[in-house]
Amino acid sequence: MTNNNSLKSVETLDKENHMERALSNRHVQFIAIGGTIGTGLFLGSGKSLSLTGPSIIFVYIAVGVIMFLLMRAIGELMYRDPSQHTFINFINKYLGDGWGKFAGWSYWIVLMLVGMTEITAVSTYFVTFFSTFNIDLSQWKWLIELGFLVALTTVNLIAVKAFGEVEFWFSMIKITLILAMIVTAIVMVVIGFHYPAMQTIHGASPAGHAGFDNLLNNFSFAPNGWLAFLMSFQMVFFAYEMIEFVGVTVSETKNPREVLPKAVNQIIARVLIFYVGALIAIMLIVPWTAFVPHKDGSFSSPFILVFQYAGLNWAAGLVFFVVITAASSALNSLLYSAGRHLYQLAQESDSARIQKFGKVSGRKVPARAILLSAALIVLSPIINAIPHISGAFVLFASASSAVIIFIYILTMIAHRRYRASIDFIPNGFIMPAHKVTGAITIAFFAFVYITLFIADDTRIPAFGGLIWLAVFGGYCLWHEKRMKQI
């Protein structure tokens with residue numbers, strides 16, 4: 001066997017790449033930021049703050065470091081072969097067709113289910129916000145969902161550059177709000193801002209002030225017990241979900257070997273600024289004990305509460321706009337990623353029907369794969385309208401989130417196999433101390449999965465994920481073995 005450890009040019013690797021490299025460094029950098037900042041920060045951080053208080057900062061840092069290591073592994077693989085449309089291909093290459101098929105189809109299904117929940121979230125935000133003005137849009141939820149989906153599907157069909165531009169501005173809006181909130185917190189602390197007792201979205205709130213004592217007084221790592229602290233890891237993990245999305249853009253990026261390392265290496269800085277910085281800013285203004293659930297168990301956005309304490313009640317509308325932007329950005333990215341994953345799966349499929357989705361349009365985008373993905377996501381309002389099916393869908397969607405942990409673990413194992421193979425190039429984008437950091441990353445993902453068994457609302461999805469691994473994973477491995485015997 002010939003040693004193939006030379007770094008081939010992108011042009012040589014791109015002979016089979018029918019897509020256009022139209023994403024610039026600016027696009028990829030902001031796509032990476034957008035992938036890091038999701039609706040989990042704007043909406044889900046309220047629940048995580050209520051669980052552990054200030055120590056949630058250390059959880060976000062810990063999980064952020066692990067996700068950075070995951071991205072270093074994906075980055076090294078994509079740097080080696082930037083013609084690949086998805087990092088899942090490396091699972092197929094280094095772990096075999098069985099695990100590759102399991103990871104590929106599982107990841108695509110996860111994207112579909114997450115897309116359905118995101119489009120549902122968009123319409124729910126609309127209905128909730130306008131209800132405060134006594135405007136009832138509940139009967140038009142399906143039309144809101146359809147409108148958003150059509151608009152974002154059109155963006156993805158036009159050209160990859162159009163997608164990149166839209167994601168750039170979506171990310172810019174999210175960044176602007178977070179930085180504005182951090183600046184607001186700094187100003188309030190410096191001037192010693194005091195706020196009166198008021199009626200907030202959480203109900204009556206006592207008078208108080210902005211300062212470090214909100215963060216440090218009576219500090220405890222586990223104020224609500226160690227089980228609550230452990231539960232926070234799974235919540236923070238899912239807030240980072242889809243951070244790997246930037247690894248899907250490589251095959252359509254100009255100068256990928258120059259752009260990719262920059263995008264990956266800046267993840268730690270983004271975590272510190274946009275997650276840790278935002279959470280510290282929130283708790284400097286609002287005591288963490290103020291985050292309590294509504295009667296239905298849900299939590300309002302901490303961002304709205306911060307601006308209300310600052311006396312900027314109009315900012316609730318601004319936060320609503322940004323949350324809609326964040327959800328739209330997630331949906332836009334999901335359509336892009338789902339289209340590329342289905343395109344790759346179709347190209348590798350033995351089925352003539354599925355192979356039809358492995359073609360690109362005249363605009364050099366996988367239009368058929370994007371349209372099929374969008375068509376499945378648009379089933380969301382129909383599913384939500386049928387009570388029994390809706391309940392099963394929520395359960396299945398939750399289980400699918402657990403499945404992504406298996407895909408991350410398989411990716412890390414594939415990276416280890418790559419480092420031991422003749423394909424390894426020592427002058428690439430090398431993951432540091434890969435044997436140790438890789439093992440730590442895999443162990444951490446296993447730990448996060450175990451924490452899913454703690455809470456009642458995640459225990460069943462955790463079992464569902466294991467069943468999916470056993471049934472579908474077992475079938476894929478059996479099919480691979482059967483094909484080798486033919």
Side-chain angles (χ1 to χ4, degrees), residues 38-53 55-56 58-60 62-64 66-67 70 106-107 109-118 120-121 124 221-244 275 291-300 302 327 330 334 380 383-384 388-410 441-473:
T39 52
L41 174 62
F42 296 109
L43 294 175
S45 53
K47 185 175 181 180
S48 57
L49 283 169
S50 73
L51 278 176
T52 66
S55 64
I56 197 67
F58 300 104
V59 178
Y60 268 94
V63 180
I66 295 299
M67 299 308 282
L70 169 70
S106 295
Y107 194 77
I109 292 170
V110 168
L111 291 175
M112 291 297 92
L113 293 168
V114 173
M116 288 182 181
T117 57
E118 289 289 354
T120 301
T124 301
F221 258 101
N224 292 316
W226 286 104
L227 282 182
F229 180 75
L230 292 175
M231 284 168 58
S232 70
F233 278 90
Q234 49 164 292
M235 295 183 61
V236 173
F237 170 80
F238 290 121
Y240 282 111
E241 192 176 351
M242 301 299 169
I243 196 174
E244 74 281 359
Y275 275 101
F291 296 100
V292 294
H294 296 301
K295 292 180 180 179
D296 61 357
S298 65
F299 287 80
S300 297
L334 282 165
S380 178
I383 293 172
N384 289 327
H388 295 296
I389 295 180
S390 177
F393 165 72
V394 170
L395 184 63
F396 192 44
S398 299
S400 73
S401 295
V403 170
I404 204 167
I405 297 178
F406 299 140
I407 297 171
Y408 289 165
I409 291 174
L410 289 172
T441 304
I442 292 171
F444 188 87
F445 288 145
F447 158 73
V448 171
Y449 202 96
I450 291 171
T451 64
L452 294 175
F453 292 94
I454 297 175
D456 293 337
D457 58 345
T458 57
R459 190 174 301 120
I460 294 178
F463 280 114
L466 290 176
I467 292 170
W468 178 258
L469 175 66
V471 176
F472 186 55

Query - Chi angles and distances behind the side chain to side chain contact (heavy atoms under 4.5 Å, CB included) call for V110, E241 - result: CA-CA 11 Å; V110 168; E241 192 176 351; 4.2 Å; yes

So which atom in [X] and which in [Y] form the shortest heavy-atom distance, rounded to 0.1 Å?
X	Y	value
V403	G465	CG2-CA, 4.1 Å
Q234	T451	NE2-O, 3.0 Å
A228	T52	O-CG2, 3.9 Å

Query - Test side-chain contact (heavy atoms from CB on, under 4.5 Å) applied to I405 and L410, L469, L452, the passing residue - result: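 Output: one option passes, namely L452.
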
Query raised in the report: Does any N or O in the side chain of Y275 come within less than 3.5 Å of the main-chain N or O of A239, such that one atom is a donor and the other an acceptor?
Result: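 At least one qualifying donor-acceptor pair exists.
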
Requested in this report: May I ask you to decide if A402's main-chain N or O and Y449's side chain share a donor-acceptor pair within less than 3.5 Å?
Outcome: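 No: the side chain of Y449 does not pair with the backbone of A402.
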
Query - Under the side-chain contact (heavy atoms from CB on, under 4.5 Å) test, residues paired with A443 that sit two or more places apart - result: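 Counting only residues at least two positions away or on another chain, A443 forms no side-chain contact (heavy atoms from CB on, under 4.5 Å).
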
Requested in this report: List in chain and number order the residues that pass side-chain contact (heavy atoms from CB on, under 4.5 Å) with M235, two or more places apart in sequence or in another chain; answer none if no residue qualifies.
Outcome: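 Listed in chain order: K47, S48, L51.
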
Query - By ring-ring contact (aromatic ring centres under 6.0 Å, His included) - contacts of F229 (at least two apart) - result: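 Partners of F229 by the ring-ring contact (aromatic ring centres under 6.0 Å, His included) criterion, ordered by chain and then number, come out as W226, F233.
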
**Report entry** Partner set under ring-ring contact (aromatic ring centres under 6.0 Å, His included) for F472, not counting sequence neighbours
**Finding:**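 Residues passing ring-ring contact (aromatic ring centres under 6.0 Å, His included) with F472: F102, W468.
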
Report task. Output all residues satisfying side-chain hydrogen bond (donor to acceptor under 3.5 Å, both in side chains) with E244, sequence neighbours left out; order by chain, then residue number. Result ->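 Expected list: Y107, Y408.
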
At what distance, to the nearest 0.5 angstrom, does [atom1] of [X] lie from [atom2] of [Y]?
X	Y	atom1	atom2	value
T458	F463	OG1	CZ	10.5 Å
I409	I442	CD1	CD1	7.0 Å
L227	S232	CG	OG	11.0 Å
I404	L111	CD1	CG	7.0 Å

Query raised in the report: Do F445 and F406 have ring centroids that are under 6.0 Å from one another?
Result: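 Not close enough - the centres of the two rings lie 6.0 Å or further apart.
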
